[in-house]
**Student:** 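Here it is, the structure, as structure tokens.
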Amino acid sequence: MKSMAQLLHEHPFFAGMEPEHLDFIAGCGENHIYNAGDYIARENAPADHFFLIRDGQVAVECYVPNYGSLCLQTLHSGDIFGWSWLFPPHLWTFDAHALDEVHAIRLDGKCLREKCESDPKFGYELMKRFAHIITDRLRATRIQLMDIYGQRRPPMDSGQ
Amino acid sequence: MIPTLFRIDRRYEEHAGTFTLQLNPPLGSDTTGFRPGQFNMLYAFGAGEVPISISGSPSDKNGLVHTFRTHGLVTLALARLGEGDSIGVRGPFGDGWPLEQIAGKDLLIVAGGLGLAPLRPVIYGVMEGILGQRKATLFYGARRPQEMLYRNEMSSWREKMELELSVDHAVAGWQGRVGVVTGPLAAVEIDVANSVVFLCGPEIMMRFCIRVLEEKGVPLSSIYLSMERNMKCATGHCGHCQWGPNFICKDGPVFCYGSVSRWFNIRAL
């Protein structure tokens with residue numbers, strides 16, 4: 001069975017990270033299994049963790065009154081989710097729930113926050129990696145907003 | 001070229017504003033042969049002609065199948081036609097998908113919205129086992145689950161290929177991904193030296209997919225895409241669909257991205 005440090009080391013998110021930093025992060029991590037339908041995060045609840053999905057699908061949702069839960073995005077094996085632990089007030093901004101059995105590594109953001117404050121080099125390394133994920137998500141959201149499957153070119157069929 | 005009179009044998013609405021027509025020629029004539037990726041000019045009498053890609057199987061002898069979205073006067077006129085009505089057909093035209101490139105390689109079919117229609121003949125080739133590909137994967141994105149084309153066929157497609165379906169907006173019960181098609185494309189491992197990518201959808205969607213493929217190291221010469229412009233004559237004479245040095249109707253609509261990347265990235269074209 002692989003150790004937590006080995007599991008993290010194999011993930012691209014942690015590629016190139018100093019071994020002692022990785023060991024520290026591994027010390028803040030634990031394996032978790034969520035059943036289909038389980039909520040992994042709840043809007044406005046304290047966000048003290050982030051997650052590395054090893055297997056399964058997670059829906060990021062927003063509850064809309066008189067409608068129900070609206071799925072904004074699904075995340076899959078290999079994805080990392082959760083950055084609310086990084087920024088005050090450290091509360092989740094969306095719900096996240098398991099669509100099927102989800103195997104995830106849950107990392108203690110509260111513990112990492114303190115380490116980031118006391119060790120700026122470590123903090124910068126981690127922040128760079130999260131900035132990359134946030135940029136990717138922003139790019140995906142922008143593309144989603146563009147409605148790229150609609151045909152917005154000059155009409156092929158002018159009827160003339 | 002003079003249009004041949006075809007009869008609409010079957011008409012159904014895939015979803016609001018998008019229709020599929022199955023056309024048959026007059027009895028005794030056999031004018032339904034085509035290569036995947038080619039298109040026909042469909043003529044709605046009194047309204048005009050539009051280029052529509054062929055979305056059926058080349059080996060299906062039950063007629064030509066076309067899927068189109070109402071987009072202007074002619075497509076609206078086509079949508080108003082019913083089973084038994086007549087329609088004019090010229091074609092097939094253009095260069096199709098390079099099926100000879102697939103043998104022994106992984107085939108990645110990437111489609112967005114209506115872009116699945118010109119790729120369905122390739123999927124039928126995979127289903128019939130005649131392409132010799134190593135592994136086939138379909139990445140298909142649409143706005144909503146109900147706007148996905150050919151949903152009733154997808155369970156059978158899964159027997160021969162992997163399907164990565166994604167929508168921008170999900171509804172209850174949706175089992176696929178929510179997000180843009182570039183997500184699953186970025187997540188998949190690609191054997192870049194032994195893969196070929198067929199890409200079709202709105203140009204903006206293709207641009208973002210190409211960006212992902214380039215980042216993953218897929219050679220530009222292994223990416224093929226189907227382009228659309230204002231095609232009129234379909235024989236390379238009128239110049240309406242000129243794109244750089246190419247005429248989409250005659251030199252395309254399928255191009256190797258490696259040979260057209262220069263034109264693809266010029267904004268005014």
Side-chain angles (χ1 to χ4, degrees), chain A residues 10-13 36-37 52-64 67-81 94-101 132-133 135-160, chain B residues 42 44 47-52 68-78 111-115 140-144 147-148 164 166-172 174-184 186-187 201-209 211 228-232 240-241 248:
Chain A
E10 287 169 6
H11 195 279
F13 180 79
L52 193 164
I53 305 169
R54 295 180 62 200
D55 198 24
Q57 282 193 95
V58 174
V60 179
E61 297 176 339
C62 181
Y63 182 78
V64 182
Y67 177 84
S69 289
L70 184 69
C71 179
L72 307 168
Q73 187 183 30
T74 53
L75 300 169
H76 306 260
S77 308
D79 283 337
I80 287 200
F81 84 93
F94 295 106
D95 292 338
H97 100 261
L99 293 173
D100 46 21
E101 189 174 276
H132 194 263
I133 289 186
T135 310
D136 279 351
R137 296 277 162 79
L138 177 62
R139 183 164 65 170
T141 306
R142 281 175 170 165
I143 298 173
Q144 210 167 338
L145 282 171
M146 278 194 290
D147 187 21
I148 58 169
Y149 306 120
Q151 306 281 88
R152 280 219 205 110
R153 47 195 167 66
M156 174 171 78
D157 159 19
S158 60
Q160 291 162 2
Chain B
L42 300 189
E49 247 187 347
V50 277
I52 306 286
F68 64 95
R69 175 158 42 204
T70 50
H71 191 60
L73 294 176
V74 182
T75 41
L76 266 174
L78 288 174
L114 197 59
Y140 181 40
R143 284 173 176 153
R144 295 177 177 78
E147 291 188 25
M148 292 200 134
E164 289 283 359
S166 59
V167 295
D168 282 349
H169 310 285
V171 290
W174 170 247
Q175 298 290 312
R177 285 175 176 256
V178 179
V180 282
V181 72
T182 47
E203 217 164 298
I204 189 164
M205 169 248 162
M206 295 200 286
R207 202 168 82 210
F208 286 112
C209 289
R211 199 175 288 175
E228 280 190 79
R229 282 294 184 275
N230 189 10
M231 292 184 261
K232 286 287 180 188
H240 276 86
C241 65
I248 303 279

**Student:** With a 4.5 angstrom heavy-atom cut-off, is it the side chain or the backbone of B:Gln175 that approaches chain A, or both, or neither?
**Tutor:**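 For B:Gln175, the contact with chain A is made by the backbone alone.
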**Student:** Rounded to the nearest 0.5 Å, how far apart are CG of A:Leu52 and OG of A:Ser77?
**Tutor:**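 Going from CG on A:Leu52 over to OG on A:Ser77, the span is 10.0 Å.
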**Student:** Atom SG in B:Cys241, atom NZ in B:Lys232: separation rounded to 0.5 Å?
**Tutor:**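 Reported value, rounded in 0.5 Å steps: 11.0 Å.
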**Student:** Testing the basics here: between A:Cys62 and A:Leu72, what is the closest heavy-atom pair and its distance to 0.1 Å?
**Tutor:**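 Reported closest heavy-atom pair: CB-CD1, 4.1 Å.
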**Student:** Is it the case that the side chain of A:Tyr149 and the backbone of B:Arg144 share a donor-acceptor pair, with hydrogens and angles ignored and the cut-off at 3.5 Å?
**Tutor:**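 The answer is no, because no donor-acceptor pair under 3.5 Å joins these two groups.
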**Student:** Between B:Val180 and B:Asp168, is a side chain to side chain contact (heavy atoms under 4.5 Å, CB included) present by the stated rule, with each step listed?
**Tutor:** CA-CA 6 Å; B:Val180 282; B:Asp168 282 349; 3.7 Å; yes
**Student:** Which one, A:Gln73, A:His76, A:Gln57, leads in non-hydrogen pairs under 4.5 Å with chain B?
**Tutor:**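 Winner by heavy-atom pair count: A:His76.
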**Student:** Can you say whether A:Ile143 sits under 4.5 Å from chain B via the side chain, the backbone, both, or neither, judging by heavy atoms?
**Tutor:**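 Answer is both: backbone and side chain atoms of A:Ile143 are under 4.5 Å from chain B.
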**Student:** Could you check which of B:Gly176, B:Gly141, B:Gly179 has the highest count of heavy-atom pairs closer than 4.5 Å to chain A?
**Tutor:**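 Max contact count across the listed options: B:Gly141.
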**Student:** Looking at B:Ala142, B:Ala170, B:Ala186, B:Ser166, which makes the most heavy-atom pairs under 4.5 Å with chain A?
**Tutor:**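 Highest number of heavy-atom pairs under 4.5 Å: B:Ala142.
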